[in-house]
There are 2 protein chains.
Amino acid sequence: MHNQTLLQFIKSHPIGASLTRDESEPYSFLKLVAKEYKAHSIVSRQGEVDTRIFIVQSGWACLQRGLQNGDRQIIDTPLRGDIIGVRAVDGPSIATLSAISDLSLFEIPRRALASATLLHRPLGNMLTRAIARQNSILTEHLMNTGRRNAMSRTAHFLLEMEERLSAYGLASGGRYECPLTQQELADILGLTPVHVNRTLGELRKLEMISFKAGWVEVLSRKKLVALAGFDKEYLRLM
Amino acid sequence: MHNQTLLQFIKSHPIGASLTRDESEPYSFLKLVAKEYKAHSIVSRQGEVDTRIFIVQSGWACLQRGLQNGDRQIIDTPLRGDIIGVRAVDGPSIATLSAISDLSLFEIPRRALASATLLHRPLGNMLTRAIARQNSILTEHLMNTGRRNAMSRTAHFLLEMEERLSAYGLASGGRYECPLTQQELADILGLTPVHVNRTLGELRKLEMISFKAGWVEVLSRKKLVALAGFDKEYLRLM
DNA sequence: ACTTTTCGTTAACATAGGTTAACTTACCAA
DNA sequence: TTGGTAAGTTAACCTATGTTAACGAAAAGT
């Protein structure tokens, strides 16, 4: 799988299914192969100019933004199939992109992609859909930090991850591998690690979900969905 | 101004300046005229299917999403020039769009715009940039609710509004008209109205910013920018 | 002009979540 | 295998923000 070209990957993408004609061949970046990053390495730094667009082939990425006081907020944890870095403005990046687990990324020069999408209908379409979806995910994240308490916020996030991983068969039976530390979870949820720990313990005690040794397991989807007010509509791909 | 066509409006748009050739003429929606909405009226409801895309000509819009428990989060307050509703998926809307002040909106069928952007380079470009900017705004909003306290959160938001309005000359000398109630401000910032009131009072007492009778006035930009950690880079249009 | 909402303001009190710190457990590198 | 660092856990205590409620001042409707 890890010498698969971008074209092959896109063909297997839930959004990109329509991209099967050989009209898609002329773009050289489609022959690209993913680049590998070690866990905890940094791909692109906040404040530096970077004209690449990334597509996750495998692993957990981390898109984060730091504040002056040293605090940080994790904007998203892009997973397989997610597109990152569509800023469309030449200027310093607004966030840092790093690898949480070992990560493999397709890297496409922004200009190449931009001109290709203008000429190639399905590709442009796919990109627009992907950005729009990122927008929905961000919106729901904002709902979480703005208006949900620690319990339902955490529950909501863990359900979202399950749903997003499921699209690629990376979660099954309510179980999935999750390399996040409680510190990272805290920076996603806008909480402290200590409180994340309390919350996770509580969720476990209520037999809703457990998160141990790098694995998440949904124990009672019904209770969890009710607590989180989770509705997966916002994650729809097509 | 209020029988201006969409084409005329786009030509005056900071992003859309390049759209001056008459190749832009063939699309009938460019001849559209904005539709007027009264303050507090609802344009599009969360959960209902709506295939329009909106561009704000004037006024303050409100994009919000409700939770089961009755709480709501305001995602954004789109202003002149902002593009709303690019979901790119046929399905129920994720948020409600309403008018805070009197509002005038260009309304474009999603399909018409999508096909036009594929054929017309500058238009597609403009749209991509607009979405990417919405993304930056959302990201910064998430920073606010996730990692800033009430004071800097409020300061940050009020500075953002000033910057966004300035792009159209709708703010000058640090002063701008702002029709938001404290309740609405609370739903933007993820606070309670009571606490917004305290915070606003505090900011006033510290001679940083005042918000009274529908007008915001920056009293000390320096102190305010420091408190908020405000860097307008994320709002850059070109 | 009068009445009725809505909005802003303030105070007293309550609590979810933050802070610090100590300890344990798991992981990693030599 | 072992020692060291990073991660998870728990407890005691603290504080920023939420809650409720009362009142005055604007707006809005008749």
Side-chain angles (χ1 to χ4, degrees), chain A residues 38-41 60 62 67 69-74 98 100-102 144-155 157-158 177-206 209-216 227, chain B residues 38-41 60 62 67 69-73 98-102 144-155 157-158 177-206 209-216 227:
Chain A
K38 279 272 161 241
H40 309 121
S41 60
W60 287 56
C62 174
L67 253 36
N69 66 6
D71 279 1
R72 67 168 187 172
Q73 172 70 45
I74 294 181
S98 59
I100 288 180
S101 64
D102 285 352
N144 259 1
T145 56
R147 286 296 186 218
R148 283 194 261 253
N149 64 22
M151 286 286 279
S152 54
R153 203 185 289 192
T154 306
F157 174 75
L158 293 174
E177 202 171 353
C178 174
L180 297 171
T181 64
Q182 293 184 3
Q183 175 62 254
E184 286 160 339
L185 208 38
D187 287 332
I188 290 165
L189 299 173
L191 300 168
T192 53
V194 173
H195 200 63
V196 165
N197 185 284
R198 292 196 272 248
T199 306
L200 252 20
E202 188 80 5
L203 287 169
R204 171 78 248 234
K205 213 176 67 188
L206 294 170
I209 201 165
S210 94
F211 181 2
K212 275 195 321 210
W215 286 83
V216 172
L227 169 66
Chain B
K38 281 271 160 240
H40 309 120
S41 60
W60 288 57
C62 173
L67 252 37
N69 66 5
D71 280 2
R72 67 168 188 171
Q73 172 71 44
S98 60
I100 287 180
S101 64
D102 285 351
N144 260 359
T145 56
R147 285 295 185 221
R148 283 195 259 253
N149 63 22
M151 286 286 278
S152 55
R153 202 186 290 193
T154 306
F157 174 75
L158 294 174
E177 203 172 353
C178 175
L180 295 171
T181 64
Q182 292 184 2
Q183 175 63 255
E184 285 159 340
L185 208 39
D187 287 332
I188 290 164
L189 300 172
L191 300 168
T192 53
V194 173
H195 200 63
V196 166
N197 186 283
R198 293 196 271 249
T199 306
L200 251 20
E202 187 78 6
L203 287 170
R204 171 79 248 234
K205 213 175 67 190
L206 295 169
I209 201 164
S210 94
F211 181 1
K212 274 195 321 212
W215 284 82
V216 171
L227 170 65

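Letters go in sequence order (proteins before strands), and every chain restarts at 1. Heavy atoms only: backbone and side chains are in, while hydrogens, waters and symmetry mates are out. This one's a predicted model, so the numbers in the text were calculated from it and none came from an experiment.
- Within the nucleic acid shown, B:L200 has no heavy atom closer than 4.0 Å to any nucleic acid atom.
- Between the P atom of D:dA6 and the CD atom of A:Q183 lies a distance of 12 Å, rounded to the nearest Å.
- Counting to the nearest Å, the P atom of D:dG18 and the CG atom of A:N149 are 13 Å from each other.
- An OP1 or OP2 oxygen of C:dT9 is reached within less than 4.0 angstrom by a side-chain nitrogen or oxygen of B:Q182.
- At the heavy-atom level, B:G214 lies nowhere under 4.0 Å from the strands shown.
- With rounding to the nearest 0.5 angstrom, the OG atom of B:S152 is 8.0 Å from the CG atom of A:N69.
- When the nearest nucleotides of DNA chain C are assigned to B:F211 and A:V194 by heavy-atom distance, the more 5′-ward of the two goes with B:F211.
- The closest side-chain heavy-atom distance from A:T154 to A:F211 is not below 4.5 Å.
- Going from atom CG of A:L203 over to atom C1' of D:dT9 covers 16 Å, rounded to whole Å.
- Residue B:E202 contributes atom CD, which lies 12 Å from atom P of C:dT10 at whole-angstrom precision.
- End-to-end axis angle of the helix from C:dA1-D:dT30 to C:dA30-D:dT1, using five pairs per end and rounding to 10°, comes to 60°.
- Taking 4.5 Å as the limit, every side-chain heavy atom of A:L189 sits out of range of all side-chain heavy atoms of A:T199.
- A:H40 places its NE2 atom 10 Å from the C1' atom of D:dA6, with the value rounded to the nearest Å.
- Using a 4.5 Å heavy-atom cutoff, the side chains of B:L158 and B:L200 are in contact.
- Using a 4.0 Å heavy-atom criterion, one finds that A:T181 contacts the sugar-phosphate atoms exclusively.
- Summary of the strand contacts: B:R198 and B:P193 both lie near DNA chain C, and taking for each the nucleotide with the nearest heavy atom, the more 5' one is attributed to B:P193.
- When rounded to the nearest whole Å, the span between CZ of A:R147 and C1' of D:dT17 equals 12 Å.
- Between the P atom of D:dA6 and the CD1 atom of A:I100 lies a distance of 17 Å, rounded to the nearest Å.
- Looking only at distances, a side-chain donor or acceptor of B:S101 sits under 3.5 Å from a matching main-chain atom of B:W60.
- When every heavy atom of A:M151 is checked against every heavy atom of A:L206, the shortest pair comes out as CE-CD1, 3.6 Å.
- Side chain of B:D187 to main chain of B:Q73: no donor-acceptor pair is present (N/O by atom type, distance under 3.5 Å, no hydrogens or angles).
- What separates CD of B:E184 from C1' of C:dT6 is a distance of 12 Å, to the nearest Å.
- Checking the phosphate oxygens (OP1, OP2) of C:dT9, a side-chain nitrogen or oxygen of B:N197 falls inside 4.0 Å.
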